[in-house]
Amino acid sequence: MRPAGELEGTVTVQGAKNSALKLMAATLLAEGEYLLRRVPRINDVEIMAELLTSMGVAVHRAADGTLVVRRGADCLPEAPYELVERMRASIVVLGPLLARFGRARVAMPGGDNFGSRPIDMHLRGLEALGASFSFSHGIIDARADLLRGTKVVLDFPSVGATENLLLAAVLAKGTTVIDNAAREPEIADLAAFLNSMGATVGGAGSATIVVEGVEELTPADHEVIPDRIEAATYLAAVGMAGGEIVLAGARADHMDMLIHKLGAMGVRVSETSEGLWAARPGRRRLTAVDIATLPYPGVATDYKPLLVTMLSTADGVGVVTENVFAANRYAYVAELQRMGADISLASHHAVVRGVARLSGAPVKAPDIRAGAALVVAGLVAEGETVVSGAHHIDRGYEDMAGKLAALGADVRRA
Ligand code: EPU
């Protein structure tokens, strides 16, 4: 890609990856046919579909794009390493498999590009509900004759642990209270889906979720919430390149803190009947701000590579602090440095000193969000930028190059 001036036009926001994957896992809870609308056409959804298929669940796209999931009576409660290794989020099948079949064999997820991500909170929470685990040859062998509701207090509001517990608790006997639960909009979306299947989940979206277990669930029809991280990516793009865009379908109420930060940096964002309108007028530089990632409703860790990229050409110095993941979720910084960014790292902090201009270079996408951020950097970097490892971006983004090109950017997929 090469700089092509300001962006202009409308982008339709895809359904949220991090909700769609969990809704797909939830279909393991009851036999029958589910209709999932606005499921993004991305590789991680393909992997989850493969995982469900390997268990005996039928998954296909209807002509109108709806994902149709049909779960028959027979299901093999196993998640093999080949699939778990490709997508850590596969671990979220553990809760529903245990709840529905009383057993599961799920490969242990390994490390990934931003450090080891343990699943101790998932396992401890499920144990409190009555599950037991044994480990051999890289496989978790899980059993639960009966899951019984109890109170679980999470050490940290982990998204995945909250989801796994929720997915098990809906069929447990009695009341489960999940305290210090994650509050992300994707959790509330999962709870809404489970409730439309006949579950009784209260408080999702707050730090205390209360689940009254039911005997049985039935399939449902659900529309996935919009992807706030994809929306943020195009907000960062217009923040970097300038111009004026509309994000059709985006939800401002899921992005309050980010919109506030972007406002302080000089990007104007407002809610419209269609979604969001965003603009950065003229050639004025962005203003540097300090940023700390936090669980929702704080600034999401997934926005961080985008914000660091914006700070790299902003006026002033911004200090960015990572509070959600291990310090090494900064792999893309070396790539931005190759493009001329002035960033120094110390433990969980990055100090970003804005430079006047980035310089186009061949760079490598280390993961989904960092890959997207490097593309955004390439929109303004002088000369040509080539982002390799674009398959990482395809895991989470529907046609990123096409959507940017439609806004007038000079981007193409090789
Ligand atoms: N953690 C533990 N033990 C656990 C679980 C988590 O120590 O049992 C730690 C993690 O290592 C991490 C922190 O808790 O330091 C938060 O992890 P969390 O469980 O909240 O994250 P996740 O469920 O693995 C989801 C998203 C991520 C997003 C994080 C944080 C999905 C599929 N993934 O991951 O999204 O960054 O929440 O909001 O929902 C992405 O979309 O590119 C992505 C990585």
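Heavy-atom basis, side chains included; hydrogens, waters and symmetry copies ignored. Numbering starts at 1 and runs along the sequence shown.
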Provide the closest heavy-atom pair for [X] versus [Y] in the form atom of the first, atom of the second, distance.
X: M197; Y: A30; value: CE-CB, 4.2 Å
X: A128; Y: V152; value: CB-CG2, 4.1 Å
X: P96; Y: V92; value: CD-O, 3.1 Å
X: L129; Y: G149; value: CD2-CA, 4.1 Å
X: A250; Y: A231; value: CB-CB, 4.2 Å
X: P40; Y: E398; value: CA-OE2, 3.1 Å

Take R71 and R100 through the side-chain contact (heavy atoms from CB on, under 4.5 Å) test and state the conclusion after the steps. CA-CA 12 Å; R71 185 154 83 82; R100 187 63 191 76; 3.3 Å; yes
Test T321 against H348 for side-chain hydrogen bond (donor to acceptor under 3.5 Å, both in side chains), laying out the working first. CA-CA 6 Å; T321 305; H348 288 248; over 6 Å; no
Ion pair present between [X] and [Y], side-chain N to carboxylate O less than 4.0 angstrom?
X: D227; Y: R251; result: no
X: R103; Y: D141; result: no
X: R41; Y: E46; result: no
X: R86; Y: E50; result: yes
X: R2; Y: D410; result: no
X: E322; Y: K304; result: yes

Decide whether T208 and D179 meet the rule of one side-chain donor and one side-chain acceptor closer than 3.5 Å.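 Yes.
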Quick one: pull up [atom1] in [X] and [atom2] in [Y] and give me the separation to the nearest 0.5 Å.
X: D367; Y: H392; atom1: CG; atom2: NE2; result: 7.0 Å
X: D302; Y: T293; atom1: CG; atom2: OG1; result: 9.5 Å
X: L217; Y: F193; atom1: CG; atom2: CZ; result: 9.5 Å
X: S19; Y: M24; atom1: OG; atom2: CE; result: 11.5 Å
X: Y34; Y: R70; atom1: OH; atom2: CZ; result: 12.5 Å
X: F101; Y: L171; atom1: CZ; atom2: CG; result: 10.0 Å

When you look at [atom1] of [X], are more than 12 heavy atoms from neighbouring residues, nucleotides or ligands closer to it than 6.0 Å?
X: R357; atom1: CZ; result: yes
X: H60; atom1: NE2; result: yes
X: K261; atom1: NZ; result: yes

Pair L404-V11, side-chain contact (heavy atoms from CB on, under 4.5 Å): steps then yes or no: CA-CA 8 Å; L404 283 170; V11 172; over 6 Å; no
The single option from K22, R228, K17 passing salt bridge (charged side-chain N to carboxylate O under 4.0 Å, His left out) against E186: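 Of K22, R228, K17, salt bridge (charged side-chain N to carboxylate O under 4.0 Å, His left out) with E186 is met by R228 alone.
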Working note: N164 + H122, criterion side-chain hydrogen bond (donor to acceptor under 3.5 Å, both in side chains); need CA distance, chi angles, decisive distance, verdict. CA-CA 6 Å; N164 241 335; H122 300 233; 3.0 Å; yes
Pair V386-V363, side-chain contact (heavy atoms from CB on, under 4.5 Å): steps then yes or no: CA-CA 6 Å; V386 177; V363 287; over 6 Å; no
